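To start, the structure under review is shown below, and the notes come after it.
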Amino acid sequence: MKNSTKYSRKVVALGLIASIISFQSCKKSFLNVDPAQNTAATQFFKTQDDATKAVSAMYANLREWNNIAFAPIAVESMGSDDVEKGSTASDATFFNDYHKFTITAGDAQLGGFWKGQYQNINFANQILTNVPGITMDETLKARYLAEAKFIRAYSYFRLVRAFGDVPLRLTLPKDASEYNLPRTAKAQVWAAIETDLTDAANVLPQTYSSADIGHATKGAAIALHAKVAMYLKKWSDVLNYTNQVMGMGYSLFPNYEQMFRTNHKNNQESIFEIQCALIPNNPDASNSQYSQVQGVRGVTGGGWGFNVPSPELAAAYETGDPRRDATIIFRGETTPEGDKIPATGDNPMYNQKSYVPFSLYVSGFNEGCQQNKIVLRYADVLLMNAEANNELGNSAAALIPLEQVRARARAGNNAILPKVITTDQATLRKAIYQERRVELAMEFERYFDVIRQGRGTEVFGSRGWKAGKNEVWPVPQNEIDLSGGALTQNPGY
């Protein structure tokens with residue numbers, strides 16, 4: 001792998017020409033910019049078409065390896081009680097260190113995750129710095145700047161919940177004195193995220209034409225702001241933002257299992273998805289490995305079998321809940337799409353939400369490269385609304401969005417998933433936490449949900465999670481070394 005210039009250290013020219021590098025064993029294909037092929041930003045940002053290309057490159061980077069594959073699995077999923085490493089016992093054993101909370105600052109996935117987020121931030125900052133000076137359609141310009149603020153906020157959200165204090169770079173460095181930034185207090189990072197999302201929501205449209213599907217919308221900015229406010233326990237803000245989104249025309253997709261299939265991308269429940277596609281005759285551009293790394297191991301069209309559901313998750317569902325079979329592929333089953341899963345194999349379960357029917361596999365392409373990664377969906381907004389109402393003492397109001405989620409899961413079968421009727425705040429809080437677990441399982445929410453709820457020791461303590469340390473992961477040691485001491489380590493690592 002080529003060593004990419006560290007965004008925390010120096011200016012990175014916007015790379016619009018990507019080279020694809022392949023590896024054997026756990027092969028990785030990712031957007032890795034070759035500096036010799038870059039166009040300097042001062043030479044590139046001249047026309048409206050240049051601005052459009054820059055925005056497209058920013059979105060394309062969201063499906064890059066460090067944003068969608070091993071690094072986010074390690075940092076955002078593997079600490080959860082809902083997952084296990086998967087694959088074979090000897091493959092990528094570093095995942096076990098995240099699961100057991102024995103990871104050290106030198107692990108490469110920490111650095112990969114850090115790099116992936118700061119690459120996104122760099123793309124956004126390049127746009128925010130250079131696009132204002134382009135003579136172009138002013139409405140489109142304002143929209144592009146708002147989209148860049150949304151992506152920047154999304155990446156800082158991922159960083160601050162993973163590491164706590166992180167360097168906050170909102171402008172491009174002017175000279176060498178600005179290369180190495182110290183860590184910014186997390187409260188200031190959260191505030192910057194909120195500012196970006198407010199600015200973005202004030203400009204972004206609610207919908208797009210088919211040509212721009214997948215770009216950030218007003219609903220995406222407000223929904224992400226609701227999630228940020230939830231982490232900050234600003235419950236009145238959570239209620240306000242979720243109420244706004246609930247009035248924008250989103251609705252629950254009627255079939256929970258089918259919502260995650262490739263033929264239902266960007267459906268009425270989708271608020272923001274990372275767009276992925278199989279582009280005929282162009283495997284290098286069809287580079288998403290989100291589905292591939294989690295796919296059923298040992299079958300053509302499957303995948304590598306990492307980040308698999310745990311027995312604890314399988315046991316967490318209420319009797320008869322259809323979401324269990326819609327979330328977990330069990331060894332020996334036949335999927336709703338007709339794929340027969342071998343009765344023997346390395347793992348008893350796989351992630352069905354990232355699954356792409358085997359018939360869609362095309363030789364020479366990553367398995368499942370056409371599968372979008374859902375970032376925000378309407379069910380999450382409803383459950384945030386329920387949680388906010390309950391925390392504010394409006395328990396009866398909380399039951400309404402909670403029941404909407406359960407009714408969709410029930411799919412007309414009134415013999416299962418009975419209505420939650422309690423208005424006792426503590427009891428209802430537990431019910432909402434449980435609903436988030438099963439509704440959003442395998443969607444990279446559970447781990448940080450438990451931490452923000454203050455239940456880390458209760459839920460993860462048996463695996464070594466320690467309060468005062470494991471609320472965050474270690475800052476990558478390589479970044480500390482490269483910073484010349486500007487960056488410091490989190491306590492306990």
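This structure is a prediction, so every number in the text was calculated from the model and none was measured.
The shortest distance between side-chain heavy atoms of Val299 and Pro342 falls below 4.5 Å. For the pair Gln352/Phe330, no side-chain contact is recorded, criterion being any heavy-atom separation below 4.5 Å from C-beta on. Looking at Ile68 and Ile274, their side chains come closer than 4.5 Å, going by heavy atoms from C-beta outward. Looking at heavy atoms from C-beta onward, Thr423 lies out of side-chain contact with Leu428 at the 4.5 angstrom threshold. Using a 4.5 Å heavy-atom cutoff, the side chains of Leu313 and Arg446 are not in contact. Side-chain contact check for Tyr378 versus Gln268: every heavy-atom pair is 4.5 Å or farther apart. Looking at heavy atoms from C-beta onward, Ser291 lies in side-chain contact with Val356 at the 4.5 angstrom threshold.
Residue pairs that meet the side chain to side chain donor-acceptor pair (under 3.5 Å) test with at least one member in residues 396-408, sequence neighbours left out, are Glu269-Arg408, Glu318-Arg406, Glu403-Arg410, Arg406-Glu435, Arg408-Glu439. Applying the ring-ring contact (aromatic ring centres under 6.0 Å, His included) definition to pairs two or more places apart or across chains, those involving residues 194-223 are Tyr59-His215, Tyr208-His215.
Of the options Tyr290, Phe95, Tyr350, a ring-ring contact (aromatic ring centres under 6.0 Å, His included) to Phe306 is made by Phe95 and by none of the others.
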After noting the C-alpha distance and the side-chain angles of Tyr156 and Trp190, does the key distance pass the ring-ring contact (aromatic ring centres under 6.0 Å, His included) rule?
CA-CA 8 Å; Tyr156 270 122; Trp190 283 116; over 10 Å; no

Start with the C-alpha distance between Glu337 and Gln258, add both sets of side-chain angles, then the distance that settles side-chain hydrogen bond (donor to acceptor under 3.5 Å, both in side chains), and finish with yes or no.
CA-CA 10 Å; Glu337 289 68 37; Gln258 283 293 302; 2.8 Å; yes

Verdict with supporting geometry, Thr88 and Asp346, side-chain hydrogen bond (donor to acceptor under 3.5 Å, both in side chains)
CA-CA 6 Å; Thr88 62; Asp346 293 313; 6.0 Å; no

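The existence of a salt bridge linking Arg377 and Glu443 is confirmed by a sub-4.0 Å separation between a basic side-chain nitrogen and an acidic carboxylate oxygen. Between Asp449 and Arg437 no salt bridge is recorded (no basic side-chain N to carboxylate O distance below 4.0 Å). In summary, Glu273 and Lys265 do not engage in a salt bridge, as defined by a charged side-chain N under 4.0 Å from a carboxylate O. For Lys227 and Glu445, the salt-bridge test passes: some basic side-chain N is under 4.0 Å from an acidic carboxylate O. In this structure, Arg143 pairs ionically with Asp212, as a charged nitrogen and a carboxylate oxygen lie closer than 4.0 Å.
Under the 6.0 Å cut-off for aromatic ring centres, Phe70 and Trp65 qualify, their centroids lying closer than that. Between Tyr355 and Phe260, the distance from one ring center to the other does not fall under 6.0 angstrom.
Counted within 6.0 Å of NZ on Lys233, heavy atoms from surrounding residues, nucleotides or ligands total more than 12; the atom is thus considered enclosed. For Asn413, the CG atom is densely surrounded, since the number of other residues' heavy atoms within 6.0 Å is greater than 12.
Of all heavy-atom pairs between Ser286 and Cys369, the closest is O-CB, 3.5 Å.
Looking only at atom types and distance, the side chain of Asn266 has a donor-acceptor partner in the side chain of Gln275 under 3.5 Å away. For the residue pair Ser155/Tyr118, the side-chain donor-acceptor check at 3.5 Å is not satisfied. Under 3.5 Å, the side chains of Asp107 and Tyr98 contain a donor-acceptor pair of N or O atoms.
Because its NZ or CZ atom is not both nearer than 6.0 Å to the ring centre of Phe460 and within 45° of the ring axis, Lys100 does not count as a cation-pi partner of that residue. Remark: Lys469 is positioned above the aromatic ring of Tyr493, its terminal NZ or CZ atom under 6.0 angstrom from the ring centre and at most 45 degrees off the axis.
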